[in-house]
Amino acid sequence: MLDVLGNLERSHTCGELRETHVGERVVLMGWVAKKRDFGILTFIDLRDRDGITQIVLNEEDAGDAHAKAKSLRGEFVVAVKGAVVEREGTHNPKIATGDIEVHADEILILNDAKVPPFQLEVAGSENLAAEDTRLKYRYLDLRRPQLQNNIRVRAKAVAKIREYFDNRGFIEIETPILLKSTPEGARDFIVPSRIHTGKFFALPQSPQILKQLTMISGFDKYYQIARCFRDEDLRADRQPEFTQLDMEMSFVNREQVYREMEGMFNHVLRLIDVELPAEWPRMTHVEAIRRYGSDKPDLRFEMELKDLSPELKETDFAPFADTLAKGGEIKCIVVKGKANYSRKQLDELQEFVKRYGAGALAWIKDSAPGQKDERGLAYEAGSGMAAITTTSLKALDVELIQNLVNKAGAKPGDAVLIVAGRKSVVAAALGALRNEVARRENLIDRNAYKPLIVTEFPMFEHDEATDRYDAAHHPFTSPMDEDLDLFKTAVENDAEHHLLGQVRAKAYDAVINGYECAGGSIRIHQKDIQALNFKALGLSPEKARERFGFFLDALEYGTPPHGGFAAGIERTCMILCGTENIRDVMAFPKTASAQDLMMDSPGDVDSSQLGELGIKVVE
RNA sequence: GGAGUCGUAGUUCAGUUGGUUAGAACGCCAGCCUGUCACGUUGGAGGUCGCGGGUUCGAGCCCCGUCGGCUCCGCCA
């Protein structure tokens with residue numbers, strides 16, 4: 001028979017008691033984490049969100065309580081009354097409360113519990129139960145201290161963000177979840193309207209237009225912790241619903257927005273005792289792609305991309321010559337001390353870069369003097385030149401290979417990994433390879449936090465399939481003042497349309513440790529430039545009006561210059577928690593196929609519900 | 001839409017070249033135990049080898065399909 005809680009009040013948490021409490025009478029409540037039964041002496045590890053306290057029951061001192069304790073099982077919910085006692089020579093340094101224990105004289109069993117489907121307390125996090133099992137019983141998985149901590153860090157981070165913006169005069173404004181679908185960007189989640197049968201709301205991909213409207217409304221500084229929805233395939237750092245810090249401010253230039261990004265992240269990172277520089281390094285998008293092959297470079301390690309195209313201009317090695325003839329490029333990274341990469345390892349890395357469209361991975365192993373040379377190119381130790389071995393580049397002559405090694409900046413003992421192809425492919429492949437090699441070779445300092453603001457993103461992306469230019473950020477992003485003439489020329493002359501690819505936007509990202517944590521832009525606030533932009537995107541005035549009419553109207557009633565950014569709460573928390581998985585920082589995440597294994601959603605609905613909505617499901 | 005990988009007891013895993021009754025650890029159940037904290041100890045229960053089909057005298061193992069988890073490419077203004 002279970003006990004009732006009645007008026008009993010908890011006096012302390014299970015992580016709270018120390019030697020200073022010795023002698024006090026306490027009431028603890030929590031879950032049975034472990035029972036160790038010695039006949040007439042029984043130990044209970046009592047767990048709550050704060051920690052674990054050892055409860056001792058002795059049959060001689062408290063017969064009834066001891067008898068009750070014997071019936072306890074894992075995850076039973078109990079209240080314990082007793083006295084705090086210093087341990088006699090058996091302190092447990094592994095737990096915060098290990099200097100004391102509670103000698104119980106009364107136990108209330110507040111609830112029993114089924115045997116959990118997996119063990120909550122396992123030594124070493126390496127052999128956790130399979131993730132689908134844990135997702136089905138997410139409420140149990142969340143009892144694990146690790147997830148408890150992550151969710152609490154997240155709560156603190158959100159509180160810090162609110163504190164930051166509130167202190168700086170920003171106004172938190174909630175915007176609707178039921179919006180109108182706009183066909184640009186990600187796939188919308190849509191919600192049928194009952195009252196207007198056949199019409200649909202869309203859930204926000206972000207509150208983009210609404211936050212701009214708050215600027216037109218004159219709030220000047222807006223922010224919101226906003227839930228966003230995108231019906232796209234998932235990744236380790238992507239879920240269909242996620243949370244953004246969304247902010248916007250009026251009468252500002254880019255630097256002023258950067259200051260708020262820096263200020264906010266710096267404020268939040270102090271939660272984990274990390275002090276980032278007041279002003280973060282800046283890097284243009286062009287430079288980031290050139291040096292790191294990525295618009296979100298991880299600066300915790302070096303290994304920059306080096307361009308070997310000039311050295312190979314004269315080569316008759318067909319793969320390289322063809323690449324250069326087609327306007328492509330040949331770049332490399334240098335992996336320090338890895339001239340001993342095996343053929344198998346290099347093959348793996350080749351498979352890796354092929355995923356990004358690279359045709360092959362070429363390599364040079366700059367062997368240290370004395371090391372064996374596969375190619376019979378004998379350089380003597382001490383001659384100032386190292387032996388170079390290369391399997392894939394046998395066609396190149398020795399002198400050229402030495403040139404490449406010099407250009408790459410490789411030292412004896414290093415491996416040079418080379419990719420040739422279209423510029424976008426080379427950047428993607430080598431950028432990803434750089435991260436992969438760093439991960440494999442343990443080049444990443446786990447205690448380092450390297451922030452960066454990437455600036456001057458391109459305004460448009462060329463879609464090869466349709467030969468159209470799409471907004472790289474979103475259709476309200478302002479071009480850079482310097483590129484305004486170029487922009488106008490490209491839009492107004494059909495023959496110059498391709499120049500759109502060169503127009504830079506006042507768009508920027510905040511990057512920490514290779515994660516895009518925030519992104520934003522200065523917006524277009526003048527209607528003629530907005531009209532030009534729609535034209536550039538191939539949107540007729542009629543189409544633009546159909547989709548964004550209310551917004552175009554609003555732009556005509558005195559829109560202030562404005563800009564802002566949105567920051568991914570989950571990605572920020574991933575950095576705070578040191579995890580690479582978004583599910584670790586969400587209480588109730590979905591699987592890679594966008595299902596909730598606990599609720600078993602999405603699910604069927606009643607046919608009468610569908611009827612009311614005028615919806616029929618076709619097989 | 002595509003690729004890789006995994007799926008065996010409640011959990012984590014092992015399972016040889018296709019061969020008799022599919023094992024271990026932890027957990028669970030019962031007994032014993034006064035200082036444990038990964039308690040110890042004795043005994044016990046527990047299996048649709050993800051699912052379906054095929055090959056074979058015989059399939060956890062081979063083949064085909066399918067479902068699910070994870071990761072990646074495409075996608076994510």
Side-chain angles (χ1 to χ4, degrees), chain A residues 33-46 52-61 66 73-75 85 87-95 97-98 101 103 114-137 140 182-188 205-206 208-209 228-240 242 348 351-358 425 428-429 432 436 457 459-461 463 465 469-477 505 507 516 519 521 533 537 539 566 568 580-581 583 590-593 595 597:
Chain A
K34 198 87 182 180
K35 182 177 74 168
R36 289 178 294 279
D37 187 349
F38 289 82
I40 67 170
L41 181 72
T42 297
F43 300 95
I44 304 291
D45 286 344
L46 193 66
I52 284 181
T53 300
Q54 175 163 279
I55 312 297
V56 186
L57 293 116
N58 194 317
E59 191 173 24
E60 288 170 13
D61 302 338
H66 179 262
R73 294 290 180 272
E75 302 306 313
V85 176
R87 295 201 188 187
E88 302 159 12
T90 55
H91 295 232
N92 183 354
K94 290 180 194 163
I95 56 175
T97 60
E101 59 194 10
H103 288 202
K114 290 168 72 174
V115 175
F118 55 90
Q119 286 162 254
L120 302 183
E121 316 282 337
V122 277
S125 59
E126 291 312 305
N127 40 353
L128 285 173
E131 191 157 12
D132 48 350
T133 308
R134 289 185 286 123
L135 283 172
K136 182 173 177 186
Y137 300 94
L140 294 180
T182 54
E184 252 90 38
R187 210 172 283 116
D188 287 317
Q205 298 174 21
S206 82
Q208 181 59 38
I209 290 182
C228 303
F229 307 85
R230 293 177 190 175
D231 189 5
E232 298 291 348
D233 288 350
L234 289 80
R235 285 287 188 283
D237 62 350
R238 252 163 46 190
Q239 285 265 315
F242 59 99
E348 278 173 18
E351 285 311 305
F352 182 84
V353 295
K354 280 182 174 175
R355 297 213 292 256
Y356 298 86
V425 167
E436 174 69 11
F457 272 67
M459 183 99 169
F460 302 98
E461 274 166 4
D463 183 339
Y469 285 87
D470 298 327
H473 188 50
H474 58 61
F476 315 109
T477 304
E516 178 196 329
S521 65
N533 200 26
L537 295 169
L539 266 183
E580 294 185 349
N581 199 304
R583 295 183 298 278
K590 293 179 177 58
T591 67
S593 62
Q595 283 181 297
L597 296 181

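Here is how names work: the chains are called A, B, and so on, in the same order as the sequence lines, proteins then strands, and each is numbered from 1.
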Atom pairs under 3.5 Å, N or O on each side, protein against nucleotides 71-73 of chain B: can you list them with distances?
residue	atom	partner	partner atom	Å
B:U71	OP1	A:N581	ND2	2.9
B:U71	OP1	A:R583	NH1	3.4
B:U71	OP1	A:R583	NH2	3.2
B:U71	OP2	A:R583	NH1	3.4
B:C72	OP2	A:A236	N	3.1
B:C72	O2'	A:R355	NE	3.0
B:C73	OP2	A:R235	NE	2.9

Within the distance-only criterion (no hydrogens, no angle test), does the side chain of A:R235 pair as donor or acceptor with the backbone N or O of A:R238 below 3.5 angstrom? no
Please confirm whether the shortest side-chain N or O distance from A:K94 to OP1 or OP2 of B:A38 is below 4.0 Å. yes
Tell me the interatomic distance from A:F38, atom CZ, to B:C37, atom P, rounded to whole angstroms. 7 Å
Would you say A:E232's side chain and A:R187's backbone share a donor-acceptor pair under 3.5 angstrom? yes
Every protein N/O lying under 3.5 Å from an N/O of nucleotides 8-11 of chain B:
residue	atom	partner	partner atom	Å
B:G10	O2'	A:P117	O	2.4
B:G10	N2	A:Q119	OE1	3.2

Which residue lies toward the 5' end of RNA chain B, A:D132 or A:A186, if each is placed at its nearest nucleotide? A:D132
Gap in Å between the two C1' atoms, one belonging to B:G35 and one to B:A14, rounded: 37 Å
Could you identify the nucleotide paired to B:C49, looking across every strand shown and requiring Watson-Crick or G-U wobble geometry with both distances under 3.5 Å? none
Students often get this wrong, so: under 4.0 angstrom with heavy atoms, is A:R73 touching a base, only sugar-phosphate, or nothing? sugar-phosphate
Sidechain-backbone polar pair: A:H66 side chain, A:E60 backbone, donor-acceptor under 3.5 Å: no
Checking all strands, does A:S206 fall into the base, sugar-phosphate, or nothing category for heavy-atom contacts under 4.0 angstrom? base
Flag the pair A:L597 / A:T591 as yes when at least one side-chain heavy-atom distance between them is below 4.5 Å, and no otherwise. yes
In the structure shown, which nucleotide is the Watson-Crick or G-U wobble counterpart of B:A24, with both distances under 3.5 Å? B:U12
If you assign each of A:E232 and A:E60 to its closest nucleotide in RNA chain B, which residue comes earlier from the 5' end? A:E60
Taking atom P in both B:U20 and B:G60, compute the distance separating them and give it to the nearest angstrom. 10 Å
Could you please spell out the steps behind the side chain to side chain contact (heavy atoms under 4.5 Å, CB included) verdict for A:E75 and A:K114? CA-CA 8 Å; A:E75 302 306 313; A:K114 290 168 72 174; over 6 Å; no
Side-chain donor/acceptor contact of A:Q54 with base of B:U36 under 3.5 Å: yes
Assign A:E101 to base, sugar-phosphate, or nothing according to its heavy-atom contacts below 4.0 angstrom with the strands shown. base
Could you state the atom-to-atom distance from CG of A:D45 to P of B:C37 in whole Å? 11 Å
Would you mind pulling out the nucleotide paired to B:G7, Watson-Crick or G-U wobble, both distances under 3.5 Å? B:C67
Taking atom P in both B:C70 and B:C57, what distance in whole Å separates the two? 41 Å
Between B:C39 and A:K34, is there an OP1 or OP2 to side-chain N/O distance shorter than 4.0 Å? yes
Side-chain N or O of A:T591 versus OP1/OP2 of B:G69: is the shortest distance under 4.0 Å? yes
If only atom types and distance count, is the side chain of A:Q205 paired as donor or acceptor with the main-chain N or O of A:A186 below 3.5 Å? yes
C1' spacing across the pair B:G43 / B:C33, given as an integer number of angstrom: 15 Å
Could you state the atom-to-atom distance from CD1 of A:I95 to P of B:C39 in whole Å? 12 Å
Sugar-phosphate only, base, or nothing, as touched by A:A472 at under 4.0 Å among non-hydrogen atoms: sugar-phosphate
Side chain proximity check, A:T133 to A:K136, heavy atoms < 4.5 angstrom: no
For a quick test of reading the model, state the closest non-hydrogen atom pair linking A:T97 to A:T53 and the distance between them. OG1-CA, 3.7 Å
Within a radius of less than 6.0 Å around NZ of A:K35, do more than 12 heavy atoms belonging to other residues, nucleotides or ligands occur? yes
Just how far, in rounded Å, is P of B:G4 from CD of A:E436? 17 Å
A:R238 CZ to B:C76 C1', straight-line distance once rounded to whole Å: 4 Å
In this structure, how many angstroms lie between the C1' atom of B:G31 and the CG atom of A:D37, rounded? 11 Å
Given the options A:L41, A:T42, A:D45, A:I44, A:R36 meets side chain to side chain contact (heavy atoms under 4.5 Å, CB included) only with A:D45
What is the distance, to the nearest angstrom, from the NZ atom on A:K590 to the C1' atom on B:G68? 18 Å
With distance as the sole test, does A:N533 use its side chain to make a donor-acceptor pair with the main-chain N or O of A:P475 at under 3.5 Å? yes
Both distances below 3.5 Å, Watson-Crick or wobble geometry, any strand: find the nucleotide opposite B:C75. none
Taking the side chain of A:S593 as heavy atoms from C-beta outward, which of B:C37, B:G68, B:G35 is closest to it? B:G68
With side chain to side chain contact (heavy atoms under 4.5 Å, CB included) as the test, would you mind laying out the steps for A:F242 and A:R230 before giving the verdict? CA-CA 9 Å; A:F242 59 99; A:R230 293 177 190 175; 3.7 Å; yes
Can you tell me how far P in B:C6 sits from the matching atom in B:G15, rounded to whole Å? 12 Å
Using the C1' atom on both, measure B:A38 against B:G69 and round to a whole Å. 29 Å
For A:Q595, answer base if it contacts any base atom (sugar-phosphate contacts may also be present), sugar-phosphate if it contacts only those atoms, and nothing otherwise; contact means non-hydrogen atoms under 4.0 Å. sugar-phosphate
When you compare B:C28 with B:G10, how far apart are their P atoms, in angstrom units rounded to a whole number? 15 Å
Figure out the NZ/P separation between A:K35 and B:G27, and round it to whole Å. 13 Å
Pairwise P distance, B:G4 and B:C63 [rounded to whole Å]: 14 Å
